[in-house]
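Working notes for the structure below.
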2 protein chains.
Amino acid sequence: MTREKDINQMLKDHGLSSTETRRTILGFFHAADKALAHADIETMGTVPLDRVTIYRTLQSFVEKGLLHSIPSADNAVRYALCKDHCADGHHHDNHVHFMCDQCSRTYCLDEITIPRIKLPLGFTACQTDLVVSGVCKTCQS
Amino acid sequence: MTREKDINQMLKDHGLSSTETRRTILGFFHAADKALAHADIETMGTVPLDRVTIYRTLQSFVEKGLLHSIPSADNAVRYALCKDHCADGHHHDNHVHFMCDQCSRTYCLDEITIPRIKLPLGFTACQTDLVVSGVCKTCQS
DNA sequence: AGTCCTTTGCAACAGTGTTGCAAAATATTT
DNA sequence: AAATATTTTGCAACACTGTTGCAAAGGACT
């Protein structure tokens, strides 16, 4: 399978050794068109994955620039694939996130860039997160 | 004391009976120039407050429009006083929040309004949260 | 294949938030 | 002001989220 090979390559490109759990979890993210939380991943596979391993996998994926985390008001951090990578690997996403109040799906709106914010004197920005919540395209019937 | 009386009035104006814990917690928010998390409140008073009571108090304050909650990437929801209230009580804040990476202080930048975001077709916005993180005016030395 | 290093899985723990229920405090009525 | 009704508190217990340490298993490399 080409996808298998792609996932393998993706891990190695980011300096991660290719293990079964990592391939599985990265596969979940490629299959899903939405952001995933730890709890989602725990129940997604046919064989249940170890909780701790998932935490550590997500952590290393974020560190190596494969995933980015999305803050939320409901205290459940979600993760999504990083689509564009800078050369240095350390890459700050700058797109808007959308979270559906009805189905809890979280989307990366890659095409919408966060506008530049002018901070008061004395404040220096490092990262900016913009999360819009409401009703998503699937729930809008 | 006038402040005591103000706090009392504030509670009643929002349809909450005036109890000692509520007066204490509301007092904390008036004294602080920053957003407070549950953990902060737990250790602030001379007499320790019950954890559950704090949760319930914060909840009712948010429901009645006294406080608003601020999402964060570090999974610790913070709360801050609502400064302007609509007539109906149900009031959506629309200002930018700033969180310091060094001291973890969270500020409401009331003077900066969140720019309007144009969502893709099919998405309807209900609330928009914008959190900037970096170095605050106090840590900037 | 053998060695080295990383990752996994388990147990245990710490923090965050919720629920149920009896006792206490507040509000309301007389 | 006392009695009653209602709300809030504090405790115990629980569920969920996330972390750490350590021995065993798995990948990487020569």
Side-chain angles (χ1 to χ4, degrees), chain A residues 4-5 7-28 35-64 66-67 69-79 99 104 106, chain B residues 4-5 7-28 35-64 66-67 69-79 99 104 106:
Chain A
E4 276 279 315
K5 212 176 155 193
I7 283 180
N8 246 307
Q9 199 53 49
M10 203 163 183
L11 286 167
K12 289 189 177 161
D13 286 349
H14 287 83
L16 290 161
S17 55
S18 168
T19 68
E20 199 181 333
T21 312
R22 283 181 181 162
R23 285 190 296 270
T24 306
I25 294 181
L26 189 49
F28 287 163
L36 299 177
H38 175 277
D40 297 324
I41 296 164
E42 211 175 332
T43 55
M44 263 175 106
T46 47
V47 181
L49 298 167
D50 183 69
R51 268 166 30 79
V52 179
T53 304
I54 299 175
Y55 279 117
R56 289 198 264 230
T57 303
L58 290 173
Q59 244 171 245
S60 53
F61 280 8
V62 170
E63 268 164 31
K64 302 293 183 179
L66 266 162
L67 297 180
S69 65
I70 305 163
S72 77
D74 71 347
N75 259 44
V77 182
R78 268 156 256 260
Y79 300 87
M99 200 173 142
S104 285
T106 303
Chain B
E4 276 279 316
K5 213 176 152 193
I7 284 179
N8 245 307
Q9 199 52 49
M10 202 162 184
L11 287 167
K12 289 188 177 161
D13 286 350
H14 287 83
L16 290 161
S17 54
S18 169
T19 69
E20 199 181 332
T21 310
R22 283 181 181 163
R23 286 190 297 268
T24 306
I25 294 182
L26 189 49
F28 288 163
L36 300 176
H38 175 276
D40 298 323
I41 296 165
E42 212 174 332
T43 55
M44 264 175 105
T46 48
V47 181
L49 298 166
D50 183 70
R51 268 166 31 77
V52 179
T53 305
I54 299 175
Y55 279 117
R56 288 198 266 229
T57 303
L58 290 173
Q59 245 172 245
S60 53
F61 281 8
V62 170
E63 268 164 31
K64 301 294 183 177
L66 266 163
L67 298 180
S69 66
I70 306 164
S72 76
D74 72 347
N75 259 45
V77 181
R78 268 156 256 259
Y79 299 88
M99 199 174 142
S104 285
T106 303

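By convention in this document, chain letters (A, B, ...) are assigned in the order of the sequence lines, proteins followed by strands, and residues within each chain are numbered from 1.
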**Item:** Pairwise distance CD1(I54(A)) to OG1(T21(A)) - rounded to 0.5 angstrom
**Value:** 8.5 Å

**Message:** How many whole angstroms separate atom CD of Q59(B) from atom P of dT9(D)?
**Reply:** 12 Å

**Request:** Examine distances only and state if a side-chain atom of R23(B) and a backbone atom of N8(B) form a donor-acceptor pair shorter than 3.5 Å.
**Result:** no

**Request:** Would you check if the side chain of R22(A) reaches a backbone N or O of T57(A) as a donor-acceptor pair within less than 3.5 Å?
**Result:** no

**Message:** Closest-nucleotide mapping onto DNA chain C: is L49(A) or A39(B) further toward the 5' terminus? I mean the 5' end.
**Reply:** L49(A)

**Request:** Five pairs at each end of the helix from dA1(C)-dT30(D) to dT30(C)-dA1(D): take the axis at both ends and give me the angle between them to 10°.
**Result:** 40°

**Prompt:** Please give, in whole Å, the distance from dG27(D) C1' to K12(A) NZ?
**Reply:** 9 Å

**Request:** Write down the atom of G27(B), the atom of I7(B), and the distance for their closest heavy-atom approach.
**Result:** CA-CD1, 3.7 Å

**Fill in**
Heavy-atom nearest nucleotide on DNA chain C taken for V77(B) and for R56(B); more 5' hit belongs to V77(B)

**Message:** Once you apply a heavy-atom cut-off of 4.0 Å, does R22(A) come out as touching a base, just sugar-phosphate, or nothing?
**Reply:** sugar-phosphate

**Request:** Using chain A heavy atoms and a threshold of under 4.0 Å, write down where along DNA chain C the contacts begin and end, 5' to 3'.
**Result:** dT7(C) to dG17(C)

**Minimum-distance pair of heavy atoms, taken over all atoms of A35(B) and D40(B)** = O-OD2, 4.4 Å

**Prompt:** For R51(B), which contact category applies under a 4.0 Å heavy-atom criterion: base, sugar-phosphate, or nothing?
**Reply:** base

**Item:** First encountered from the 5' end of DNA chain D, between L16(B) and Y55(A)
**Value:** L16(B)

**Prompt:** If every non-hydrogen atom of M44(B) is compared with every non-hydrogen atom of L36(B), which pair is closest and at what distance?
**Reply:** SD-CD1, 4.1 Å

**Asked** dT9(D) phosphate, OP1 or OP2: any side-chain N/O from T21(B) under 4.0 angstrom?
**Response** yes

**Fill in**
Tightest non-hydrogen contact, residues R78(A) and S104(A), listed as NH1-O, 3.5 Å

**Request:** Quickly work out the D50(A) CG to dG18(D) P distance and round it to whole Å.
**Result:** 15 Å

**Item:** Protein-nucleotide distance (D40(A), atom CG; dC16(D), atom C1'), rounded to Å
**Value:** 14 Å

**Message:** If I take atom CD in residue E20(A) and atom P in nucleotide dA25(D), what distance separates them, rounded to the nearest angstrom?
**Reply:** 16 Å

**Spacing of Y79(A) atom OH and I41(A) atom CD1 [to the nearest 0.5 Å]** = 8.5 Å

**Message:** Out of the candidates F28(B), Y55(B), F61(B), only one should pair with H38(B) under the ring-ring contact (aromatic ring centres under 6.0 Å, His included) rule; please name it.
**Reply:** Y55(B)

